[in-house]
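One structure is given here, and the rest of the page talks about it.
To find a chain, count down the sequence lines: A is the first, B the second, and so on, and within it residues start at 1.
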Amino acid sequence: GQQLNQSPQSMFIQEGEDVSMNCTSSSIFNTWLWYKQDPGEGPVLLIALYKAGELTSNGRLTAQFGITRKDSFLNISASIPSDVGIYFCAGPNSGGSNYKLTFGKGTLLTVNP
Amino acid sequence: NAGVMQNPRHLVRRRGQEARLRCSPVKGHSHVYWYRQLPEEGLKFMVYLQKENIIDESGMPKERFSAEFPKEGPSILRIQQVVRGDSAAYFCASSPNTPGQGANYGYTFGSGTRLTVV
């Protein structure tokens, strides 16, 4: 099946720093989704990308859909303590089962105030 | 304007008991999805249901696991004769239509049920 590889697995940064994380796949995805999961909660959609090369922002977050359709990255600028959590990339299966999302294993972000 | 409601938030079961996890979708949403998250892993698809119908259960173990979404009431994920390996967080999501229509991934996830089998 399809797999998504996220890196890094974890990051420890100081408040105010910028963060970059990425997601790669051996197969093509036509949509890339970035979620954040707070401790003890469900994932919340941050950004959705639908076109190769697309660059989309949501406040301090910016994500890009790689031109090869096999990768995506997420940047967070000027991090704050509430950015702490696990960030997942995800993509829908191709074909008739596009309701089914494949998730990466996540990047755990810790922000030191 | 409630989101997806899951209960209980935490559930402890002894090996061999049954676990019943409930999910009330966003009002007006008729599509429900269940995902499982093992420790330090991403979410994995289990089953997709529309009202009274199972559309895709390819991610659900064939034995001991079942799901339903009746005409009235919440969706239920049922695990019979639980084993330690069933310990995980189970998330439900809902959408008003099939995701992907109009490039819209309107999945809303609940806060999950954390199942611990002792």
**Message:** Would you say that B:Leu43 contacts A:Tyr35 through its side chain, given a criterion of any heavy-atom pair below 4.5 Å between the two side chains?
**Reply:** no
**Request:** Against chain A, label B:Gln37 side chain, backbone, both or neither, depending on which of its atoms sit under 4.5 Å from a heavy atom there.
**Result:** side chain
**Side chain to side chain, A:Ser97 and B:Phe45, heavy atoms closer than 4.5 Å** = no
**Request:** Answer yes or no: does atom CD of B:Glu63 have more than 12 heavy-atom neighbours from other residues, nucleotides or ligands under 6.0 Å?
**Result:** no
**CD (A:Glu41) with more than 12 external heavy atoms under 6.0 Å** = yes
**Request:** State whether the number of non-hydrogen atoms from other residues, nucleotides or ligands found under 6.0 Å of A:Glu17 atom CD is greater than 12.
**Result:** yes
**Request:** Could you look at A:Gln6 and say if it's the side chain, the backbone, both or neither that has a heavy atom under 4.5 Å from chain B?
**Result:** neither
**Item:** Minimum heavy-atom distance A:Gly40-B:Arg9, with the two atoms named
**Value:** O-NH2, 2.6 Å
**Message:** Looking at B:Glu18, I want to see if its CD is surrounded by more than 12 non-hydrogen atoms of other residues, nucleotides or ligands under 6.0 Å.
**Reply:** yes
**Request:** Following the transitive rule for hydrophobic clusters with a side-chain heavy-atom cut-off under 4.5 Å over Ile, Leu, Val, Met, Phe, Trp and Tyr, establish whether B:Tyr107 and A:Leu33 coincide in one cluster.
**Result:** yes
**Complete:** Nearest heavy-atom approach of B:Phe91 to A:Gln37 is CZ-NE2, 3.2 Å
**Message:** Please check if the number of heavy atoms outside B:Arg15 that lie under 6.0 Å from its CZ is greater than 12.
**Reply:** no
**Request:** Give me the ring orientation class for B:Tyr48 and A:Tyr99: parallel if the planes are under 30° apart, tilted from 30 to 60°, perpendicular past 60°.
**Result:** tilted
**Item:** From OH (B:Tyr33) to CG (A:Leu101), nearest 0.5 Å
**Value:** 9.0 Å
